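Written below as structure tokens is the structure these notes are about.
In listed order, ligands and their atoms are each counted from 1. As the structure is a prediction and not an experimental result, all values here were calculated from the model.
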Amino acid sequence: MYAFDIKRPRSVEEAVAALADGEAQALGGGQTLIPTLRQRLADPGTLVSLSGIAELKYVRMEGDVLRIGGGTTHAQVAREAAAHYPALASLAGRIGDPAVRNRGTIGGSLANNDPSACYPAGALGSNATVVTGAREIAADDFFQGLFETALDEGEIVTEVRFPVPEAARYEKFIQPASRFALVAVFVARFAGGVRVAVTGASESGVFRWAEAEAALAADFTPEVVRGLTVQAEGMIGDLHGSAEYRAHLVGVITRRAVEGALA
Ligand SMILES: Cc1cc2nc3c(=O)[nH]c(=O)nc-3n(C[C@H](O)[C@H](O)[C@H](O)COP(=O)(O)OP(=O)(O)OC[C@H]3O[C@@H](n4cnc5c(N)ncnc54)[C@H](O)[C@@H]3O)c2cc1C
């Protein structure tokens, strides 16, 4: 680990000011960033810890939108979103293990945009809005490729707004060693259509499966997915599974997600 200073702001305003220094980087739960620092893969100079900012930690319904503060841990979402948006609470409750869930945050997960992470699928599948100190970004515009997002340098995720669908399910086929998704699919049916977001599969990160969305909008049953295929080209191939295997899994897991949403 390289030496660094740490700042512990008590408000979003103080955090934004601390992050204005180009050398500084936000620290959420540290579940990704700390291992990165320990391997000397980053040298931020100053870490700005968000964990002491009470105004970033909440789960609350407003109308038919679930609002979650950017510093809310996965464990808090699993507990407090269950009554409002069970599919999202279930997603949060299956991230990593208890240690990861008690420290890791929704803002950190979305900002990191790991190609196998769970929240990017939940946000994209829900048509969520990512709110920062400066603006609101639709999930369709937020995820911009492998570990890339629309966030500017020093911009903090302060809130994520999830419209609650009529039916939804997150189906996750885990890579047992890491518990990340080998392939996972978030399916959500809204009055105006269906969204299908896939994580773990593509070299470009989370994506919407448009063909499945159109078929499911016409007929929300697992059977309509059976005839659809995803090209293996562009899928991740590694020691855990080939690109062809992951492409096949996208169809299987989407069918299971629809079954679950209907149950
Ligand atoms: C053993 C293990 C298993 C895991 N399994 C899973 C899994 O199954 N599914 C899954 O989705 N994830 C998994 N994770 C990752 C975990 O969810 C992390 O919590 C998440 O990736 C990062 O969140 P964090 O709050 O710890 O962010 P940090 O590690 O603190 O930061 C990550 C990045 O986000 C930035 N950042 C942090 N907070 C904010 C914010 N509010 N606004 C803007 N930028 C911010 C940081 O600057 C950094 O670049 C696993 C991690 C571990 C260690």
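More than 12 heavy atoms of other residues, nucleotides or ligands sit less than 6.0 Å from atom CZ of R67.
Remark: R40 qualifies as a cation-pi partner of Y2 under the 6.0 Å distance and 45° angle criteria applied to the six-membered ring.
Geometrically, ligand 1 and C118 share a nitrogen or oxygen pair separated by less than 3.5 Å. For the pair G28 and ligand 1, the shortest N or O to N or O distance falls below 3.5 Å. Polar contact check, I95 against ligand 1: no nitrogen or oxygen pair lies under 3.5 Å apart. Taking distance alone, with nitrogen or oxygen atoms compared against 3.5 Å, R103 stays at or beyond that limit from ligand 1. Of the polar atoms of G96, at least one N or O is found under 3.5 Å from an N or O of ligand 1, judged by distance alone. For ligand 1, the polar-atom distance check against A111 finds no nitrogen or oxygen pair separated by under 3.5 Å.
Heavy atoms of P35 found under 4.0 angstrom from ligand 1: none, in either backbone or side chain. Counting heavy atoms closer than 4.0 Å to ligand 1, residue E155 contributes backbone atoms (N, CA, C, O) but none from C-beta onward. Residue D114 does not touch ligand 1, judged by heavy-atom distances below 4.0 Å.
The nearest protein atom to atom 4 (C) of ligand 1, hydrogens excluded, is given as F180 CE1, 3.4 Å; this is a heavy-atom distance. Among protein heavy atoms, atom 3 (C) of ligand 1 sits closest to S178 O, 3.5 Å. At the top of the distance list for atom 48 (C) of ligand 1, counting protein heavy atoms only, stands Q25 NE2, 3.6 Å. Among protein heavy atoms, atom 18 (C) of ligand 1 sits closest to Q31 CB, 3.6 Å. Counting protein heavy atoms only, atom 46 (C) of ligand 1 is closest to A26 O, 3.1 Å. If you check which protein heavy atom lies closest to atom 24 (P) of ligand 1, you get G29 N, 3.4 Å. Among all protein heavy atoms, the one lying closest to atom 27 (O) of ligand 1 is G108 CA, 3.6 Å. Of the protein's non-hydrogen atoms, the one nearest atom 2 (C) of ligand 1 is V100 CG2, 3.5 Å.
Distance check: N113 CG to Q144 CD gives 9.0 Å after rounding to the nearest 0.5 Å.
Per-residue contacts place L27 under 4.0 angstrom from the following atoms of ligand 1 (heavy atoms of the residue considered): 30 (O). Taking a cut-off of under 4.0 Å to the non-hydrogen atoms of L50, the atoms of ligand 1 that pass are 38 (N), 39 (C), 40 (C), 41 (N). Taking every heavy atom of K172 and a limit of under 4.0 angstrom, the matching atoms of ligand 1 come to 7 (C), 8 (O). Heavy-atom proximity to I156, at under 4.0 Å, picks out these atoms of ligand 1: 40 (C), 41 (N), 42 (N), 43 (C).
The closest side-chain heavy-atom distance from L182 to I174 is not below 4.5 Å. Between H74 and Y119 there is a side-chain heavy-atom pair separated by less than 4.5 Å. In this structure the side chain of Q25 never reaches within 4.5 angstrom of the side chain of V48, judged on heavy atoms.
The side chain to side chain contact (heavy atoms under 4.5 Å, CB included) with T199 is formed by just one residue from the set F207, F143, F186, Y170; it is Y170.
No donor-acceptor pair under 3.5 Å is formed between the side chain of N112 and the backbone N or O of G108. Side-chain atoms of R226 never come within 3.5 Å of backbone atoms of P222 as a donor-acceptor pair (strictly under, hydrogens ignored). Here the side chain of R246 pairs a donor or acceptor atom with the backbone of I236 at under 3.5 angstrom. Here the side chain of R161 pairs no donor or acceptor atom with the backbone of L66 at under 3.5 angstrom.
For the ligand labelled ligand 1, residue G71 lies outside the 4.0 Å heavy-atom shell.
Of the candidates T105, I53, T36, L91, the one placing a heavy atom closest to atom 25 (O) of ligand 1 is T105. Comparing heavy-atom distances from atom 8 (O) of ligand 1 across E159, Q175, R179 singles out R179 as nearest.
There is a side-chain donor-acceptor pair under 3.5 Å between E155 and T132. A donor and an acceptor atom, one from each side chain of E159 and Y58, are located under 3.5 Å apart.
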Does the pair K7 and E14 meet the rule for a salt bridge (Lys or Arg N to Asp or Glu O under 4.0 Å), with working shown?
-> CA-CA 10 Å; K7 291 188 177 166; E14 283 175 29; over 6 Å; no
